[in-house]
2 protein chains.
Amino acid sequence: MKSFSSAFVLDSQNQMPAPDTDSASSLRRALKLLRILSQGDPEGLRLKDIAETAGCSQPTAHRMLQDLAAEGFAEQAAGKRYRLALDFYVLAARAGQASGLRDAARPALLRLSATLSDTIFLLVRNGFDAVCLDRVEGPFPIRSFTGDIGGKVPLGLGQGSLAILANLPEDEQEAVIRFNIPRLLDRGFLDEASLRSALALARAQGWVNTSTGLIPGMAGVGVPVLDAQGRAVAALSVGTLAERLNADRLPHVVKILQSEAQALAGKLNPFDVALRYPSRSLSTIGGS
Amino acid sequence: MKSFSSAFVLDSQNQMPAPDTDSASSLRRALKLLRILSQGDPEGLRLKDIAETAGCSQPTAHRMLQDLAAEGFAEQAAGKRYRLALDFYVLAARAGQASGLRDAARPALLRLSATLSDTIFLLVRNGFDAVCLDRVEGPFPIRSFTGDIGGKVPLGLGQGSLAILANLPEDEQEAVIRFNIPRLLDRGFLDEASLRSALALARAQGWVNTSTGLIPGMAGVGVPVLDAQGRAVAALSVGTLAERLNADRLPHVVKILQSEAQALAGKLNPFDVALRYPSRSLSTIGGS
DNA sequence: ATGATGAATTCCATTATCCTGAATTTATCT
DNA sequence: AGATAAATTCAGGATAATGGAATTCATCAT
């Protein structure tokens, strides 16, 4: 296997959602269209609305969308509506950091799923969110925040997501908490105090147990995947029915999750080259 | 559920790989960079090489990559190398056509996987390829052409891919065959004659059985998902160990695959609105 | 460890390219 | 089928992208 060097470490210095400069380059304006499409109706958006949302004229939006379509990033569905095209799947499959980690983790996911007979998630941090990179379904029907591959949750919501947040450097953790508190409240859960105590517990014991009933009948366990400096770069988690995580089974689940997480961490940091890339302070992220 | 109208139908009029106009807009040149990144080393590509491949100056490539990075589409790994970033996963999860079909098909995949205890694939056509939109793992270790979600195979290679190609309109099928023959030979398999006879058989019986030993020890069954006009828009397929597809089990597998495929087709074409969008002839696709 | 090579990044004047507003075509609704 | 609204095309003026040259940075060899 090719060495991953410290790639995953560097990537945890994630950018802000968007250093929203009003006067971005034309390329950046065009890329924003893709984001607009991704957030709109999956059936597609009307040119007029796209232009309005993007804050540009209709002909401009039209030309950009034509270019995006010509390159396979967007497409026009029935009714002339624009939406994202299939090529994102193809590109996502080859996204460097992600595909490397996913390939490295897949055997672990399969083992876990086979052993536990439950649904297993692989999450990575991306800015203020955790993104589901892979998931292997168990035989039991599951509801999760993360949803499918590519699904996003604010850091702090859900097993794996909490496990990651709990194991970030303190300054980053603080910044994420400040940013995410309103989003968490928005989703109907967790005041700041209970979040902080959950984080303290998670960090202390090295794993997260969500039998909190945030999703009725569901429960889960999440463990962080740590780099050489003990920073969380990813998380493995189990989502299952609450009744399947009783006091008997929980320790067992935690144990084998942790052992897979440690093995994975070992694969990702074959040498401690990571030390050569000291973490920039959060204040420099997304600056100007 | 919201009606899908004829969205999936329209999308089968897929564009050529790239109407390679030398003087494309600056946006299209920038988007090509993403493709270059996706095809290069997952660890990342050097600016110099990117610029060279793209045929633009180094400063230009640099500026575009900075913009791509600022919007979360690319990132710089260790050693300054550029690669695709995580946001592709997030966007792929919300790509209209794809996510609609995937959501519609997921219950079927889960049922099939549970019933058959094998790995189930959902494939859709994209140009001259079949793309894996979703896959649910069975307990047996599988090797497939398609690989993971987002994986691509030339139409004609593998169960589901063959099932799609076999059920395209004749002129499109012919165009795809002509384009793909070299690619298929490249991958070491199938002369044109055996491809054509396999297609005829597939179309006649409505399903594909690959126990051909193309991948040693592997076998599979694929069935097309047809739209109102009988054109293939997707395929469901099973990949398993050859020994698990014996004469006893095969008819059973085919039967339940077909029944799920028909149910899925019904979901996708609630009304026959599709007829309102007659298919353009292939010759107009990618013209000029 | 230090110097030399090559890459990455910044700067700036030139010029190609993009943007706005108006006109035309196409789709949608009554 | 007519009317309305959206989508698309078109053209000149203005902005923003481009590539050569210079600088900073990283990497390699000695």
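We name chains A, B, ... by the order of the sequence lines, and we start the count at 1 in each one.
An OP1 or OP2 oxygen of C:dT9 is reached within less than 4.0 angstrom by a side-chain nitrogen or oxygen of B:H62. At D:dT8, one or more side-chain N or O atoms of A:Y82 fall inside 4.0 Å of OP1 or OP2 (strictly under the cut-off).
In terms of modelled atom types and a separation under 3.5 Å, the side chain of B:R203 and the main chain of B:A166 share a donor-acceptor contact. A donor-acceptor pair is defined here as one N or O able to donate and one able to accept, closer than 3.5 Å; no such pair exists between the side chain of A:N126 and the backbone of A:V131.
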Any N/O pairs under 3.5 Å between the protein and nucleotides 11-15 of chain D? List them or say none.
none

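Distances from the side chain of B:P59 to the nucleotides C:dT20, D:dG19, D:dT8 place D:dG19 closest. With C:dA7, D:dA7, C:dC11 as the candidates, the nucleotide lying closest to the side chain of B:R46 is C:dA7. Across D:dT18, C:dT9, D:dG19, the shortest atom-to-atom separation from the side chain of B:K80 is found for C:dT9. Distances from the side chain of B:R29 to the nucleotides D:dT18, D:dG19, C:dT10 place D:dT18 closest. For B:Q76, taking side-chain heavy atoms from C-beta onward, the closest of the listed nucleotides D:dG19, C:dT9, D:dA7 is C:dT9. Of all nucleotides listed (D:dA6, D:dG19, C:dA8), D:dA6 comes nearest to the side chain of A:K48.
Looking at heavy atoms from C-beta onward, B:L45 lies out of side-chain contact with B:R81 at the 4.5 angstrom threshold. Looking only at side-chain heavy atoms (C-beta outward), B:I164 and B:N167 stay at 4.5 Å or farther from each other.
Here A:R183 does not pair with A:D186 in a salt bridge; the nearest charged N to carboxylate O distance is not below 4.0 Å. Using a 4.0 Å cut-off between charged side-chain N and carboxylate O, A:K48 and A:E52 make no salt bridge.
Remark: P of C:dC18 and CG of A:L68 are 12 Å apart, rounded to the nearest angstrom. The CG-P distance, from B:D49 to C:dA7, rounds to 8 Å in whole Å. Whole-Å rounding puts the A:L47 CG to D:dA5 C1' distance at 13 Å. What separates CD1 of B:I50 from C1' of C:dT9 is a distance of 14 Å, to the nearest Å. Atom-to-atom, CD of B:Q58 to P of D:dA22 comes out at 16 Å; the value is rounded to the nearest Å. The nearest whole Å value for the distance from the CZ atom in B:R81 to the C1' atom in C:dA8 is 13 Å. To the nearest angstrom, P of D:dA16 lies 13 Å from CG of B:D67. Here C:dT9 presents its P atom at 6 Å from CD of B:Q66, a figure rounded to the nearest Å.
In terms of heavy atoms, B:A93 sits closest to A:G151 at CB-N, 4.3 Å.
A side-chain donor-acceptor contact under 3.5 Å links B:Q66 and B:H62.
Among the heavy atoms of the strands lying under 4.0 Å from B:R63 is at least one base atom, whether or not backbone atoms are also near. Note on B:S26: only backbone sugar-phosphate atoms sit closer than 4.0 angstrom, heavy atoms only; bases stay farther off.
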